[in-house]
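A quick write-up on the structure given underneath.
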Amino acid sequence: MEAHAMNSIAQTNQSEKQLSEKMQYFLRRYHVSRILRSANAYKLRGFPVLSIFIVAFSTVFTQRSFFMQIHLQPGVISFAKDTFYRFMNSCHIHWRRFTTTLAATIIQSTIAPLTSADRVNVLILDDSVYHRARSKKVELLARLYDHAKKEFSYGFRMLTLCWSDGNTLLPVNHTLLSTENPKNRLRASSRNVDARTNGAKQRKLAQRKATEVMLRLLQEAKEAAIPARHVLFDTWFCSPASLLSIHALGYEVVATAKKTEKIHYLHEGVMQDVKAIYRKHKKRRGRSKYLLSVEAAVRKGNESLPVRLVFVRNRNNRKDWLVLVTTDMRLTEEEVIRIYGKRWGIEVFFKVCKSYLRLEKDCRAVSYDAMTAHVSIVFTRYMFLAVEQRESKDERSLGELFYLLMDELPDICLAEAVRLLVSLFAERLQERTMLDEQTVQAQLEGFLSELPSLLSKKLRKCA
């Protein structure tokens, strides 16, 4: 029993050591210390900022919070808890610049050299509710409607901008949106924050319209030279004003249009909604990828922009239809559908962050600065996993990759090993139909020789 416990401890220590080496290599490779300094995170005195960032970055992988680490391993962390909390609550750090610069560095040094030049890179915009329901003292806390749960809750709209090449998705930027309406805001912004700091500017941004913040995130991604031509989003952000504004930034749009009578497109000389356009035209029959494709235009004042409307079947309801709108008139209907399919990656990203990377669980601070810092650190964790998945050529999901790093599923590993043994042995036995004792021994020897050396030695001892 003691020997088994010692082996488990040794194996755990070895896994933690390997994980620590991977994280250290990731931070060195992408010059995270330099990027932190460019985001105004540097030490005036005391401990290096990178050492504090590493502790915050690694907590989810070690399954120990900062509070537990300073109590269980007091000699490992050299700084006190006040140092850590001052770092997280700092209003001087520009966290949007940090994540944007880190994502651009990873894309340019790692993803771009492995990607074909003709692959379409996209930026994806979406929001997800960041729940903070248990504390009404959270700064800028708002009452929001959760469309997924169909109920009201307390928290923020986490407006997120991601980059994707169709294979790897990287979070670029975010803003925890509160609300414009003071009546729905449970807590006002802190008056102790200097208006000249990044924290104060971030608070003002959180109280603006989502469409205005969306343009700010896209502008910062463009300034960081993140390679992308198309911007993808769903019906929530799709309006003529958004299409014109994003196109003015130099991006093309592929989005889901709203099926409402309030938004009109200029088609055949008449301003009409998508339902009226759909009724007037003959649809394609059979198993076509789309039902209808027409050219139209969006208008706002004196501005006008040509668009293509592609009507497709709703996979969840075959009797229903959806309409995709794009400002890139060079795309075919099939290309519009294929490019928009990349938007699903951000839904997986939200799921991984909330289910595996403890987005809503690790941070209980009431400061808006601390929550912004926490979300940015969670985004960095996701980038770390995305790079590991990309370079290891692992086709599994990031959730499974995360569990592999955590070494939390030995029962699945054992089941997979048993399945491998059975399949290999079955393949050996199927090679011949007539088996005598000598043949069986030969088959068994061949079976053992194809196993990994460590497992083969253990099975030979058991035999």
Side-chain angles (χ1 to χ4, degrees), residues 118-127 147-148 150 162 164-167 169 211 214 228-247 251-300 303-351:
D118 57 353
R119 180 180 287 270
V120 177
N121 298 325
V122 299
L123 289 171
I124 310 171
L125 271 163
D126 203 356
D127 64 338
H147 293 272
K150 306 297 182 182
C162 292
S164 175
D165 64 346
N167 184 18
L169 182 137
T211 51
M214 170 185 69
R229 181 180 173 186
H230 298 85
V231 178
L232 314 181
F233 46 82
D234 58 9
T235 57
W236 188 262
F237 304 97
C238 189
S239 66
S242 297
L243 297 180
L244 288 165
S245 300
I246 295 174
H247 190 266
Y251 293 108
E252 302 290 353
V253 174
V254 180
T256 306
K258 295 179 180 178
K259 295 167 59 177
T260 175
E261 297 178 355
K262 297 181 180 180
I263 297 180
H264 296 83
Y265 298 86
L266 179 62
H267 176 62
E268 296 180 346
V270 180
M271 296 295 293
Q272 49 191 319
D273 60 86
V274 293
K275 293 182 179 179
I277 295 174
Y278 183 77
R279 288 193 298 266
K280 290 182 179 180
H281 291 79
K282 184 178 180 181
K283 287 68 173 179
R284 293 165 61 93
R285 294 185 177 182
R287 296 186 177 182
S288 175
K289 291 186 178 180
Y290 63 96
L291 298 170
L292 175 66
S293 176
V294 299
E295 294 185 1
V298 291
R299 280 186 174 181
K300 182 185 177 184
E303 295 183 82
S304 179
L305 180 67
V307 298
R308 175 175 284 112
L309 301 174
V310 181
F311 297 80
V312 297
R313 291 185 180 89
N314 188 347
R315 290 189 300 178
N316 298 324
N317 183 3
R318 299 294 294 178
K319 296 182 180 180
D320 193 17
W321 50 271
L322 305 173
V323 55
L324 303 179
V325 57
T326 180
T327 60
D328 192 349
M329 305 301 289
R330 291 171 293 183
L331 295 178
T332 64
E333 291 77 8
E334 289 79 6
E335 289 174 331
V336 171
I337 298 171
R338 178 178 58 84
I339 291 175
Y340 185 76
K342 297 182 181 183
R343 200 200 69 84
W344 178 249
I346 199 170
E347 302 292 349
V348 178
F349 164 75
F350 287 141
K351 178 65 175 179

- So E295 and R308, salt bridge (Lys or Arg N to Asp or Glu O under 4.0 Å) or not? Walk me through it. CA-CA 5 Å; E295 294 185 1; R308 175 175 284 112; 3.5 Å; yes

Could you walk me through whether V231 and L125 satisfy the side-chain contact (heavy atoms from CB on, under 4.5 Å) test, starting with their C-alpha distance in whole Å, then the side-chain angles of each, then the deciding distance to 0.1 Å, before giving a yes or no? CA-CA 7 Å; V231 178; L125 271 163; 4.1 Å; yes

side-chain contact (heavy atoms from CB on, under 4.5 Å) between D126 and D234, worked out: CA-CA 7 Å; D126 203 356; D234 58 9; 3.8 Å; yes

field: Residues Y340, T256; criterion side-chain hydrogen bond (donor to acceptor under 3.5 Å, both in side chains); working and verdict
entry: CA-CA 9 Å; Y340 185 76; T256 306; 2.5 Å; yes

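Heavy-atom minimum distance, L123 versus A228: CG-CB, 3.7 Å. Annotation for V307 and A297: closest pair CG2-N, 3.9 Å, computed over non-hydrogen atoms. The minimum heavy-atom distance between L243 and L305, with the atom names listed, is O-CD2, 4.0 Å. For the residue pair A257 and T235, the shortest heavy atom distance occurs at O-CG2, 3.5 Å.
Inter-residue side-chain proximity for V325 and V310 is flagged as unmet; no heavy-atom pair is nearer than 4.5 Å. Side-chain contact check for I339 versus V122: some heavy-atom pair is nearer than 4.5 Å. Side-chain contact between S293 and F311 is absent, with no heavy atoms from C-beta onward closer than 4.5 Å. A heavy-atom distance below 4.5 Å is found between the side chains of I277 and L309. Looking at heavy atoms from C-beta onward, V120 lies in side-chain contact with H230 at the 4.5 angstrom threshold.
The CG atom of N167 lies 10.0 Å from the NZ atom of K342; values are rounded to the nearest 0.5 Å. In this structure, the separation between CZ on R338 and OG1 on T332 is 8.0 Å, given to the nearest 0.5 Å. Between the CD1 atom of I263 and the CG atom of D273 there is a distance of 10.0 Å, given to the nearest 0.5 Å. Taken from OG in S304 to CG in L244, the straight-line distance is 7.5 Å, to the nearest 0.5 Å. Atom CD of E334 sits about 5.5 Å away from atom OH of Y290, to the nearest 0.5 Å. A distance of 8.5 Å separates CG of D328 from CD of E335, quoted to the nearest 0.5 Å.
The closest donor-acceptor contact from the side chain of T327 to the backbone of V253 lies under 3.5 Å. No donor-acceptor pair closer than 3.5 Å links the side chain of K319 to the backbone N or O of N314. In this structure, the side chain of R313 engages the main chain of S288 through a donor-acceptor pair within 3.5 Å.
The environment of NZ in K283 is crowded: more than 12 heavy-atom neighbours from other residues, nucleotides or ligands sit within 6.0 Å.
A cation-pi arrangement is absent between R343 and F233 under the rule of less than 6.0 angstrom and at most 45 degrees off the ring axis.
Pairs passing the salt bridge (Lys or Arg N to Asp or Glu O under 4.0 Å) check and including a residue from residues 255-270, sequence neighbours excluded, read K259-D320.
Under the side chain to side chain donor-acceptor pair (under 3.5 Å) rule, Q272 has a single partner from R279, H267, K280, which is K280.
Between Y278 and W321, the ring planes are parallel. Angles under 30° get that label, and only those over 60° would be called perpendicular.
Among residues two or more places apart in sequence or in another chain, the side chain to side chain contact (heavy atoms under 4.5 Å, CB included) test is passed with S242 by T211, M214, S239. Not counting sequence neighbours, H264 has no partner by the ring pair (Phe, Tyr, Trp, His ring centres under 6.0 Å) test.
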